[in-house]
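Just so you know, these numbers use all the heavy atoms, side chains as well, and skip hydrogens, waters and symmetry mates.
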Amino acid sequence: MASIVESAWTYLITHFSDFQLACIGSFFLHESIFFFSGLPFIYLERAGWLSKYKIQAKNNTVAAQEKCITRLLLYHSCVNLPLMLLSYPVFRFMGMRSSLPLPSWKVISSQILFYFIIEDFVFYWGHRFLHTKWLYKHVHSVHHEYATPFGLTSEYAHPAEILFLGFATIVGPAITGPHLFTLWLWMLLRVLETVEAHCGYHFPWSLSNFLPLYGGADFHDYHHRLLYT
């Protein structure tokens with residue numbers, strides 16, 4: 001398995017520059033993970049499949065789902081991509097590299113654990129701040145337009161909040177200057193986590209059934225049902 005990963009990585013670093021991989025590659029990786037993991041929940045809701053696991057009986061309209069997808073494509077292109085381009089010099093300065101050898105799994109796992117802790121801390125306090133009256137009304141209320149969340153709504157937010165979420169996600173890696181492979185794996189896990197938390201379904205295999213203190217989709221559905229002013 002390790003040799004397969006290293007062979008694939010050798011191909012990437014041979015055919016693409018660090019800038020192309022770190023910026024364009026990261027953007028397309030994020031888009032692929034996000035939409036491939038989030039889109040199925042739209043079709044589950046429309047078809048009524050696995051409805052016994054759905055947390056809320058209410059469904060979103062097709063128009064509401066299409067609005068979410070359209071806005072996401074716009075925001076990802078106009079906010080996420082420029083953020084990745086602008087953050088590249090910072091990551092390079094902090095020591096990010098893409099060359100072989102790949103880091104050991106011990107290093108990768110310890111760094112990603114650190115990123116989850118830092119992201120959780122920054123996001124928790126930032127999220128509390130977003131629920132103050134003025135910021136909720138002018139910024140965070142966009143994310144709460146969907147009282148019945150589905151996977152893709154995890155990144156549906158005001159551009160200012162997208163910048164904050166991006167900061168919460170990259171502050172840990174920016175501190176450590178990781179290998180690009182570690183950064184990509186962190187992105188994979190972080191996207192899957194937030195999509196699962198907003199998916200609107202509570203399955204027997206949901207993370208909240210196994211991880212203590214992890215709210216998961218149940219918590220997020222409850223949070224989105226509440227009205228804030």
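The closest side-chain donor-acceptor pair between Thr148 and Gln56 falls under 3.5 angstrom. Neither side chain, His224 nor His220, offers a donor N or O lying under 3.5 Å from an acceptor on the other. With 3.5 Å as the limit, one finds a donor-acceptor pair spanning the side chains of Thr176 and Tyr115. Using modelled atom types and a 3.5 Å distance limit, the side chains of His131 and His223 yield a donor-acceptor pair. Asp221 and His202 are not linked by any side-chain donor-acceptor pair at a separation below 3.5 angstrom, with hydrogens and angles left out of the test.
With a 6.0 Å radius and a threshold of 12 heavy atoms from other residues, nucleotides or ligands, Phe203 has its CZ atom above the threshold. Within a 6.0 Å radius of CZ in Phe19, more than 12 heavy atoms belonging to other residues, nucleotides or ligands are found.
The closest donor-acceptor contact from the side chain of Ser206 to the backbone of Asn209 lies at 3.5 Å or more, if one exists at all.
Identified under the salt bridge (Lys or Arg N to Asp or Glu O under 4.0 Å) test for residues 53-81, with sequence neighbours left out: Glu45-Lys54, Lys67-Glu145.
Note on ring orientation: taking the six-membered ring where Trp is involved, the planes of Phe150 and Tyr146 are perpendicular (angle over 60°, cut-offs 30° and 60°). Using cut-offs of 30° and 60° on the angle between ring planes, the pair Tyr75 and Tyr156 is tilted.
With sequence neighbours excluded, the residues forming a side-chain hydrogen bond (donor to acceptor under 3.5 Å, both in side chains) with His138 are Trp134, listed by chain and number. Legend: residues meeting ring-ring contact (aromatic ring centres under 6.0 Å, His included) with Phe210, ordered by chain and number and at least two apart, are absent. For Ser51, there are no side-chain contact (heavy atoms from CB on, under 4.5 Å) partners, not counting sequence neighbours. Qualifying side-chain hydrogen bond (donor to acceptor under 3.5 Å, both in side chains) partners for Asp120, counting only residues two or more places apart in sequence or in other chains: none.
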Worksheet item: Is there a side-chain contact (heavy atoms from CB on, under 4.5 Å) between Leu72 and Leu74 once you walk through the steps?
Response: CA-CA 5 Å; Leu72 283 169; Leu74 175 65; over 6 Å; no
Practice prompt. For ring-ring contact (aromatic ring centres under 6.0 Å, His included), just list the numbers for His143 and His158, CA-CA rounded to whole Å, side-chain angles, deciding distance to a tenth of an Å, and then say yes or no.
Written response: CA-CA 7 Å; His143 182 63; His158 188 281; over 10 Å; no
For residues 27-44, run the donor-acceptor check on the side chains, cut-off 3.5 Å, and write out each pair with its distance to 0.1 Å, sequence neighbours left out.
unit_1: His30; atom_1: NE2; unit_2: Glu155; atom_2: OE1; d: 3.2
unit_1: His30; atom_1: NE2; unit_2: Glu155; atom_2: OE2; d: 2.9
unit_1: Glu31; atom_1: OE1; unit_2: His76; atom_2: ND1; d: 3.0
unit_1: Glu31; atom_1: OE2; unit_2: His76; atom_2: ND1; d: 2.8
unit_1: Ser32; atom_1: OG; unit_2: Phe28; atom_2: O; d: 2.8
unit_1: Ser37; atom_1: OG; unit_2: Ile33; atom_2: O; d: 2.7
unit_1: Ser37; atom_1: OG; unit_2: Phe34; atom_2: O; d: 3.2

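A heavy-atom distance below 4.5 Å is found between the side chains of Met96 and Leu180.
For the pair Asp18 and Arg97, the salt-bridge criterion is not met [side-chain N within less than 4.0 Å of a carboxylate O].
Clustering ILVMFWY residues whenever any of their side-chain heavy atoms sit less than 4.5 angstrom apart, transitively, puts Tyr124 in the very cluster that holds Phe164.
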